[in-house]
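Worksheet: one structure, shown below.
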Amino acid sequence: MSWPDHAIWWHVHPLSFLGAEPTALPTDAPPRHRLPVLVDWLDHLVGLGCNGLALGPVFAAESHGYDTTDYFRIDPRLGTEDDLLELVERAAARGVRVLFDGVFNHVGRSFAPFVDVTRRGTASPYADWFVPKGDDFRTFEGHHHLVALNHASPAVADHVVAVLDHWLDRGIAGWRLDAAYAVPRPFWRAVTDRVRDRHPDVWFSGEVIHGDYAAYVTEGGLDSVTQYELWKAIWSSLNDSNPHELAWALKRHNAMIDTFAPQTFVGNHDVTRVASRLREPRHLAHALTVLFTVGGTPSVYAGDERAWRGVKEERAGGDDAVRPAFPASPSDLGPGQIAVQRLHQTLVGIRRRHSWLVRAQARTHTLNNTVLSYTLAAPDGASTLAVALNFGPDPATAGIPAAPWAHAAGDASADPATGSVSLPPLGWFIGTASGSHN
């Protein structure tokens, strides 16, 4: 198994996490050395059982980080390149890899090549980096401040390759590719192939919300994409007490596993936090159980391990509630929702002990109006994991194959002779067994 098969990410949006100013600093302002604060959170990350730090944008930008102005410079609101390299080195010393967030579909209007084009027009050497549209240029989904790059330009591909290589040379392990769905797949293939020639162990995960997920792997050369289908099915099925929706999503998820390991999550910087999304707080255990037992590469959005709440709104500043500032040290979190953090530790621990789950497919055993149970088996047949979930407010029974199941987590137990799991209201169960019982 390669290192991404063992990866469990803790996801941070640095600008908001570190309480940075909402817009870029004046050009003559000294850098704010905030990145070193993240070093103090590495023990928290490791304590959860995670082994990867997935950073949101760290490059110089105009505001939220997704309006890049210089890909080779750390945003002064966060610090300097030395601060960043120190974080990468300190993370590596703890066995933690660092993932960068690359925005290569669009740039901020202060991006130097774009400024040059606005001044010199077709005489600019960057004229083909952007696509004229009326009196302006093509933008990303109608956002005037986000100018789309021309992915048909060889010079744009050269620039992206240079950026990817530059930071991989400095010790990061991979890239989340923002808005990957908006970029032609042949562009990704050409870029990723070139980068892999120099960095064969790099991992690329693309942000894909809808569409043909597998095509971004087979045609685009990515390793993974964000599994928004499963994310939606998890909270929606729990809120509607509809196990059938989740079972259908798991079928589709199995088909993806045939090709790649999707990046799975129940929260990120772009969506309402799962603790706010779920109408029944006790369903949080069900959501996390699915996240850490099904195939894929899971990630935890910082704060979700303490059941932090926040609702995304479709307006300017609508992400603020899901991107709050964090205290300087995890010791300042206090005791609130520590039980949820311990639940994360338990489930991440199960995942770490069964790393084969990364490419495991779920086989459904019980599916009715309130109950879903499924098993996953190691490819060598050496072990099996069973899950049973009661979506409803009444006691229920789930069936799994008869086996000497060892209780791993949850508030129920399985009868080894029959495989019957007696679930309390809103109960859940994870069991493990040696050998294949799928």
| request: Flag the pair Phe326 / Trp308 as yes when their ring centroid distance falls below 6.0 Å, and as no otherwise. | output: yes
| said: Taking Arg359 first and then Asp258, would you say they form a salt bridge - that is, a charged N and a carboxylate O separated by under 4.0 Å? | reply: no
| query | Is the gap between the ring centers of Tyr71 and His159 under 6.0 Å? | reply | yes
| request: Please confirm whether the backbone N or O of Gly49 pairs with a side-chain atom of Arg352, one donor and one acceptor, at under 3.5 Å? | output: yes
| query | Any luck finding a side-chain donor-acceptor pair between His199 and Asp169 under 3.5 Å? | reply | yes
| field | Parallel, tilted or perpendicular: ring planes of Tyr301 versus His11, cut at 30 and 60 degrees | value | tilted
| request: Tell me whether the centres of the aromatic rings in His44 and Trp41 are closer together than 6.0 Å. | output: yes
| Do Thr293 and Tyr374 have side-chain atoms, one donor and one acceptor, less than 3.5 Å apart? | yes
| query | Between Ser413 and Trp405, is any side-chain donor less than 3.5 angstrom from a side-chain acceptor? | reply | no
| query | Should the pair Arg34-Glu21 be classified as a salt bridge under the 4.0 Å nitrogen-to-oxygen rule? | reply | yes
| message | According to side-chain hydrogen bond (donor to acceptor under 3.5 Å, both in side chains), does anything in residues 177-189 pair up with another residue at least two apart or in another chain? List the pairs. | response | Glu141-Tyr181, Arg176-Asp178, Arg185-Glu219, Arg189-Asp193
| query | Just checking, any donor-acceptor pair under 3.5 angstrom between side chains of Ser110 and Glu62? | reply | yes
| With sequence neighbours excluded, what pairs up with Arg306 under the side-chain hydrogen bond (donor to acceptor under 3.5 Å, both in side chains) test? | Gln341
| said: For Phe100 and Phe59, I'd like to know if the aromatic rings sit close, meaning centre-to-centre distance below 6.0 Å. | reply: yes
| message | Less than 4.5 Å apart, side chain to side chain, heavy atoms only: is that true for Leu372 and Thr366? | response | no
| query | Have Asp67 and His145 got a donor and an acceptor in their side chains that come within less than 3.5 Å? | reply | no
| His253 versus Tyr213: any side-chain heavy-atom pair under 4.5 Å? | no
